[in-house]
Amino acid sequence: MTKDCYHCGEPVLTGSQYQVEILGEPREMCCPGCEAVATTIVQNGLTSYYQFRTETAEKADLVPEQLQSLSLYDNEDIQQEFVRSDQQLKEVTLSLEGVTCAACAWLIEKQVGKKEGVQSIRVNTTTHRALLQWDPESAKLSDLLASIHRLGYKAAPFEADKQEQQYHQMMKKYLYRLGIAGIATMQVMMLAVALYFEVFGDMDETFRNYFRWVSLIFATPVLLYSALPFYLSAWRNIKTKTLGMDVPVSLALLFAYVASLYATVMEKGEVFFESISMFTFFLLLGRFLEMRARRTAAAASANLLKLVPKMATLESGEQVPARSLKVGDLVQVLPGEHLPADAVITQGATTVDESMLTGESEPVLRNIGEAVFAGTINVEGNIAAKVTALPADSLISNIVRLQDEAQLSKPKVAELADVVARYFVAGILIISACTWLFWHFHKPDDAFWIMLSVLVATCPCALSLATPTALTCSTSRMGRLGILLRRGHVLESLTRVNRVVLDKTGTLTEGNIRISAVKVLDAAYKEPQCMAIAASLESFANHPIARAFTSSKQADVQATNVSNFIGEGLEGSIDGKQWKIGKPEFALNDRYQPKADDSSLQNFQVWLSCNGKPIAAFQLSDPIRESSRELIDKIKKSGIAVTMLTGDNKTQAEAVAKQLSIDEVVAGVTPQGKLEYLKSLPGSEVTLMVGDGVNDAPVLAGAHLSVAMGGGTDIAKASADMVLLGDDLSRLLSARKLAIRTRSIIRQNLSWALGYNLVILPLAVAGFVAPYIAVVGMSASSVIVVTNSLRLLENKGK
């Protein structure tokens with residue numbers, strides 16, 4: 001008798017000697033490849049993979065040439081397309097093929113995670129992607145990819161187009177299953193009308209049996225093919241000793257089919273072929289809608305990569321692949337073309353459509369020296385631009401990475417719903433068994449179909465779909481608002497916010513700081529000389545104030561040994577003298593302060609000193625954002641307290657607060673002082689902090705919920721829970737409304753799912769619900785929940 005390979009399931013040829021001891025028994029292998037893979041799994045202590053897998057692995061036919069081709073991924077030029085660098089570590093998003101269940105993800109994470117140099121690897125079985133972070137000094141990417149290949153899986157850097165093809169192939173198979181179930185349901189239901197309602201009451205018994213056999217023929221492919229995903233999921237649940245919603249689904253289908261087959265062969269008893277077909281069809285339809293909703297959210301960010309053109313035009317007119325562009329390359333972009341890379345305009349002016357990033361429909365004006373981003377559209381001008389980022393480090397690539405990271409975290413409400421559903425399934429199985437026992441002794445002929453109705457009618461499909469579909473749709477809608485979620489708790493925390501804490505510079509104001517006045521305090525210096533010295537010192541800072549001095553920088557004025565005191569100022573040496581620039585108390589060491597009655601110096605925020613002596617003072621202006629006043633008004637109307645928290649001087653901060661009608665102002669505080677302010681708030685207050693600079697990083701990390709402006713510093717965005725693309729602060733209120741609406745829809749879904757089960761359960765146990773009615777009710781409940789969640793994709797509450 002021919003044996004099958006324990007690893008891949010293919011037939012083992014007669015005389016084959018390939019064996020591996022697995023789980024205490026010698027297992028037959030079909031080839032050296034499968035033997036090598038199985039040996040690797042066993043030697044690394046990962047034998048549990050074979051206990052928990054739900055499908056056999058793919059045949060291990062990797063040849064040395066394939067392994068050698070992976071070495072191409074170690075090439076620095078090739079890595080520029082998809083690898084991101086983070087300090088000493090590198091990070092890449094991988095597409096995985098062959099991953100079928102959680103056991104596969106567990107195996108990959110355990111095997112690759114223990115490799116030297118691997119910092120972390122996280123596999124998402126929903127998107128079939130993995131996030132790999134490793135130390136290039138200790139490990140090569142090709143070796144890590146090869147270790148995945150040796151396990152029988154295929155891994156390659158993520159590409160949106162390839163992922164899209166895989167999705168369409170999967171959906172095609174799903175539609176095949178759905179189509180077969182739909183066609184069979186229509187046919188079997190026509191036969192069921194004749195059998196149940198006795199349309200042909202005087203029909204001969206031979207014809208009745210004939211109808212049953214025809215129904216069996218139509219229902220069998222539904223059971224064996226269309227319903228196959230349910231069995232695989234149920235088997236995985238049983239193997240891992242958990243109870244998912246597919247367990248009662250599979251039991252109901254198999255029980256109904258076996259009982260109907262027995263009744264057909266023995267020509268006695270009831271048949272439930274129409275229930276099998278209808279149950280499978282409606283359940284597949286509900287899951288098809290769920291998959292579409294999940295895909296909409298998953299593709300929202302990944303599809304951004306498709307906006308980046310394949311080709312770019314260099315300044316010389318040569319056409320080159322956009323992937324090959326390097327930092328410093330000069331490109332030309334004609335009107336109507338997509339930008340091929342993140343860049344800075346070096347020639348010309350234009351308007352750029354950034355709606356795919358920020359959600360703003362109106363094009364924005366971009367001049368020489370201003371940044372433009374890959375994938376955005378050059379609307380009307382001929383421009384030349386210098387590339388500032390590699391493809392892997394572009395804004396679009398970072399957006400996709402942030403979305404992937406957010407999807408890897410599960411909110412508490414989703415975890416709670418999973419736990420409830422699991423216990424609910426256990427309760428259903430117990431109640432179904434008790435129901436059968438009761439009716440078996442009281443009315444044996446009805447015991448089976450009543451038990452079947454209980455299993456089907458109370459299946460917690462709607463309960464399991466209630467939270468995930470709503471969260472997925474909500475995340476997709478957030479992306480359309482130009483808000484990137486970096487943490488899983490954002491939607492929950494947004495609904496509880498009762499205090500908004502706002503930074504001033506770059507948040508309430510445009511951050512486009514200009515020098516409006518200069519006052520020279522030492523006759524030995526002229527204004528241009530003071531500006532050049534200030535510019536030299538400020539060139540070592542990355543703050544909007546520092547950028548105000550950029551145009552005054554002179555090559556012959558160079559500061560050395562510069563120290564940056566965050567939130568205070570800078571100190572350095574120029575021509576052997578010690579210079580300081582920053583707040584008056586920092587620059588002057590408290591030796592000199594403007595007199596209270598000297599109104600001419602009250603509004604000068606930045607001071608320049610030499611060896612502690614005041615040299616010059618600078619007055620700055622920063623226009624208030626047009627959306628700030630509307631934002632403050634709406635926040636107050638929502639019953640949320642507002643605080644301006646800034647390191648700028650009190651006079652300037654209060655002037656801005658007065659214009660915006662902000663009652664509470666905390667000014668002149670250091671980054672540590674900002675964090676201490678948050679800690680001083682009562683425990684009942686849930687804070688939302690909005691900032692954009694280095695000064696805001698500690699307080700962003702310390703707030704209950706934090707938002708970084710898209711134009712802010714990288715460290716601020718790394719510390720925040722959300723990133724706001726664009727400058728429209730009112731979108732934060734839209735996000736809060738969406739979070740509240742999401743919570744409401746989740747509650748509606750859970751109320752409907754639980755309410756339906758609480759009503760239908762006693763009716764089913766009492767025998768008042770026929771199996772076909774139970775199928776319609778359960779399936780309709782699932783479809784209602786999914787459809788209700790899809791409402792979150794609508795443009796409401798903006």
Side-chain angles (χ1 to χ4, degrees), residues 7-8 18 20 29 31-50 53 57-100 103-125 127-159 162-163 166 323 390-393 397 400-401 404-405 408:
H7 181 74
C8 72
Y18 305 114
V20 178
M29 300 289 159
C31 65
C34 289
E35 182 184 48
V37 171
T39 301
T40 300
I41 292 175
V42 173
Q43 289 178 347
N44 285 277
L46 303 174
T47 313
S48 297
Y49 163 72
Y50 290 106
R53 64 177 182 174
E58 293 185 0
K59 185 177 180 65
D61 56 355
L62 193 66
V63 295
E65 288 75 15
Q66 290 175 294
L67 285 173
Q68 291 172 6
S69 68
L70 294 177
S71 63
L72 294 174
Y73 290 125
D74 294 329
N75 186 292
E76 291 290 337
D77 293 333
I78 294 178
Q79 284 193 4
Q80 290 179 0
E81 300 178 13
F82 51 82
V83 173
R84 300 172 292 274
S85 296
D86 182 13
Q87 297 177 351
Q88 296 181 348
L89 300 177
K90 288 189 175 183
E91 186 178 74
V92 63
T93 300
L94 301 174
S95 287
L96 299 175
E97 291 185 32
V99 174
T100 57
C104 298
W106 172 83
L107 179 62
I108 294 173
E109 290 177 347
K110 290 292 184 181
Q111 172 68 16
V112 181
K114 66 192 296 184
K115 295 288 184 182
E116 182 182 359
V118 175
Q119 182 73 14
S120 68
I121 179 170
R122 292 180 290 172
V123 178
N124 189 324
T125 54
T127 60
H128 287 189
R129 296 183 206 165
L131 203 61
L132 172 63
Q133 196 175 54
W134 81 100
D135 182 359
E137 298 295 328
S138 304
K140 293 182 178 180
L141 179 58
S142 61
D143 293 337
L144 301 179
L145 293 178
S147 67
I148 297 176
H149 278 250
R150 290 192 187 98
L151 293 174
Y153 305 97
K154 295 179 182 179
F158 167 71
E159 294 182 50
K162 188 174 182 180
Q163 190 89 351
Q166 293 175 354
R323 288 182 174 184
L390 297 172
D393 298 322
S397 295
V400 174
R401 177 175 57 85
D404 284 343
E405 289 179 351
L408 289 170

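One is the number of the first residue; the rest follow in order along the sequence. Atoms considered below: every heavy atom in the structure, side chains included; atoms not considered: hydrogens, waters and symmetry mates.
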Where Tyr18 and Glu35 come nearest, the two heavy atoms and their spacing: CD2-OE1, 3.6 Å
On a heavy-atom basis, the closest approach of Ile121 and Glu109 is O-CG, 3.6 Å
Criterion side chain to side chain contact (heavy atoms under 4.5 Å, CB included) on Leu145 and Leu132, from CA distance to verdict: CA-CA 10 Å; Leu145 293 178; Leu132 172 63; 5.6 Å; no
If I compare all heavy atoms of Gly113 with all of Val118, which pair ends up nearest, and what's the gap? CA-CG1, 4.1 Å
Specify the closest pair of heavy atoms between Met29 and His7, including all atoms of both residues, with the distance to one decimal. SD-CB, 3.8 Å
How long is the gap from CD on Glu137 to NZ on Lys90, to the nearest 0.5 Å? 9.0 Å
Measure across Val92 and Leu141 and return the closest heavy-atom pair with its distance rounded to 0.1 Å. CG1-CD1, 4.2 Å
Side chain to side chain contact (heavy atoms under 4.5 Å, CB included) partners of Ser138, counting only residues at least two apart: Glu116, Asp135
Over all atoms of both residues, closest heavy-atom pair of Gln119 and Leu89: CG-CD1, 3.8 Å
